[in-house]
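In what follows, chains carry the letters A, B, and so on, assigned in the order in which the sequence lines appear, proteins first and then strands, with residues in each chain numbered from 1.
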Amino acid sequence: MTALTPEQALPIRQPADSAEELRIVPHRRPWRLVAGLVALVLAAQFLHGLAVNPGWDWPTFRAFVFSDSILRAVGVTLQLTAYGTVLGFALGAVIAALRLSGSPILRTIAWTYVWAFRSIPLIVQLVFWFNLAYLYKRIGIGVPFGPTFASFGTTDLLGALGAAVLGLALHQAAYAAEIIRGGVLAVDAGQLEAAAALGIPKFRQAWRIVLPQAMRGILPNAANEVISLFKGTSIVYVMAIGELFYQVQVVYGRTGRVVPLLMVATVWYVLLTTALSLVQYHVERYFARGSERHAPPTPWQRLRAAVTESKEKRA
Amino acid sequence: MSGDGTTAMVEVRGVHKRFGRLEVLRGIDLDVRPGTVTVVLGPSGSGKSTLLRAVNHLEKLDQGYVRVDGELIGYRRVGDKLRELPEREVLKQRTRLGFVFQNFNLFPHLTVLENLVEAPVGALGVPREEARARALELLERVGLADKAAEYPRRLSGGQQQRVAIARALALEPKVLLFDEPTSALDPELVGEVLDVIKDLARTGTTMIVVTHEIGFAREVADTVVFMDGGVVVEQGPPARVLDDPQHERTRAFLAKVL
């Protein structure tokens, strides 16, 4: 900006010459707009069909979606999910710890557990547990290969719901163990070394230093597992347990209205999965503290950010 | 704990360490008197970091022993055997030795203050309030009192390393061990970390510093140890080892780095 060349000093309007005068124009993408409009039309068509096609039978949907039997079934589904998750991840944590331990025997046992329960289809396993009484009529507590102190009839101890929870939890534990192990392995080895150099006791190292950092890797996968378990509980309908999918089948078996009742189940599954995703988002946020990369913004936050940005641009 | 005639704060005797077939330490003897600074120099792969890690039993030994203030580290003598101590005991011993890593290894999910409080509370059972007060004093000392509530990753490398030094000091160790404390830093941040270490040296903290900073060694060290190929080639006051080295290998190394 110190000295102007003679041409720039001319008062006549010339084609812009200096960098400041050149305007930057983003590349135009007309086809993007067209594609977006086409997609919107198709979506509108689908939504319109949902509203006006009598096949969806919304009155029946409304009659059942909050009915007692369906609500009770939702409760059973949530119960199965909760027990499966809590027991599965508790056992999974133990198995992960065994697999990470220094003992080759414990490592092998943990590996074998994961191998076995990932190999057997869940549905096969569930039917097995349901028929446990056929294999073992009584289950007792005592010295291995020695005397028994107390014993119970298998069917008393393990009803259908119990068998389902057991099956789901054992199945879940195998996957949970691998997820937890993966999270722990992803923590920088220097962290453990620093904790060891500071003389922090073993358990505290795991609980205060390793686990909170491992959680970042564990959570997205764990949330996947919980959600897939939540929907996967529908598989226990084979044991005639009144969870959501079984109950819906019972109702449409009686009334013959298949589609609206499938919609009842769908809406419940979608709603509750959405709730789980929200929980996941906030838990991930919590464990992201101190990290450079935070959990990505939710669609809602993204929308709000876009709106405020465009407002600022206009202002 | 002392009183068996030795005057050394750290006593390394005949230490050997192998990684597979590679013998990294091949019989190290070293004495560090209380209140002195020992700087360990040497080319990479000479075993200097391994030696430092052996002092607080981050590495197990294949032969020899390390004593700090008269106490065997990581082992206990039973007749003619050195039995490795259970981890619990080793962890207790390590609270008396501060270790500063090349890569800081601060706990990223804890604030700066929590980083300093964690070990005194978790390992020594110091009441939390007391540990916090002490931590704030230490942060003041390394010039980072205003960063107490910050997470480590928000700090520059030099600031992180100063926090790491404060964290090591929080246990009030008898000896501080530095493993290349400035090697991971941008050149303009090296000075602030070295200043903190110099300040500690002036207050009579016993330290062993593995480093490549020859200038720092000359200024601060009471003893300079030159290692190569897993042995101590020579050691002595900086004026002798740095300015009048007796061994060809020392001369060759110094010619390269100076």
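Looking only at side-chain heavy atoms (C-beta outward), Thr95(B) and Ile200(A) stay at 4.5 Å or farther from each other. Arg153(B) has its side chain within reach of Ser291(A): a pair of non-hydrogen atoms, C-beta onward, lies under 4.5 Å apart. The shortest distance between side-chain heavy atoms of Glu118(B) and Leu198(A) does not fall below 4.5 Å.
Panel note: side chain Glu87(B), backbone Pro201(A); no donor-acceptor pair is recorded below 3.5 Å.
Between the CZ atom in Arg88(B) and the NZ atom in Lys202(A) there is a gap of 13.0 Å [rounded to 0.5 Å]. Atom CG of residue Leu192(A) and atom CG of residue Asn105(B) lie 10.0 Å apart, to the nearest 0.5 angstrom.
Closest of all the heavy-atom pairs between Gln191(A) and Leu106(B) is NE2-O, 2.9 Å. Counting all heavy atoms, side chain and backbone alike, Pro212(A) lies closest to His109(B) at CB-CD2, 3.5 Å. Taking every heavy atom of both residues into account, Ala196(A) and Leu91(B) meet most closely at O-CD2, 3.6 Å.
Of the listed residues (Phe104(B), Phe101(B), Phe99(B)), the greatest number of heavy-atom pairs within a distance under 4.5 Å of chain A belongs to Phe101(B).
With a threshold of 4.5 angstrom between heavy atoms, Arg53(B) approaches chain A through side-chain atoms but not through N, CA, C or O. Leu110(B) touches chain A through its side chain: at least one heavy atom from C-beta onward sits under 4.5 Å away, while N, CA, C and O do not. For a residue to count as touching a neighbouring chain, one of its non-hydrogen atoms must lie under 4.5 Å from one of that chain's; by this rule Gln205(A) touches chain B with the side chain only. Asn56(B) touches chain A through its side chain: at least one heavy atom from C-beta onward sits under 4.5 Å away, while N, CA, C and O do not.
Within a 6.0 Å sphere centred on CZ of Phe19(B), other residues, nucleotides and ligands contribute more than 12 heavy atoms. Heavy atoms of other residues, nucleotides or ligands lying less than 6.0 angstrom from CZ of Arg83(B) number 12 at most. For Leu22(B), the CG atom sits in a packed shell: over 12 heavy atoms of surrounding residues, nucleotides or ligands are nearer than 6.0 Å.
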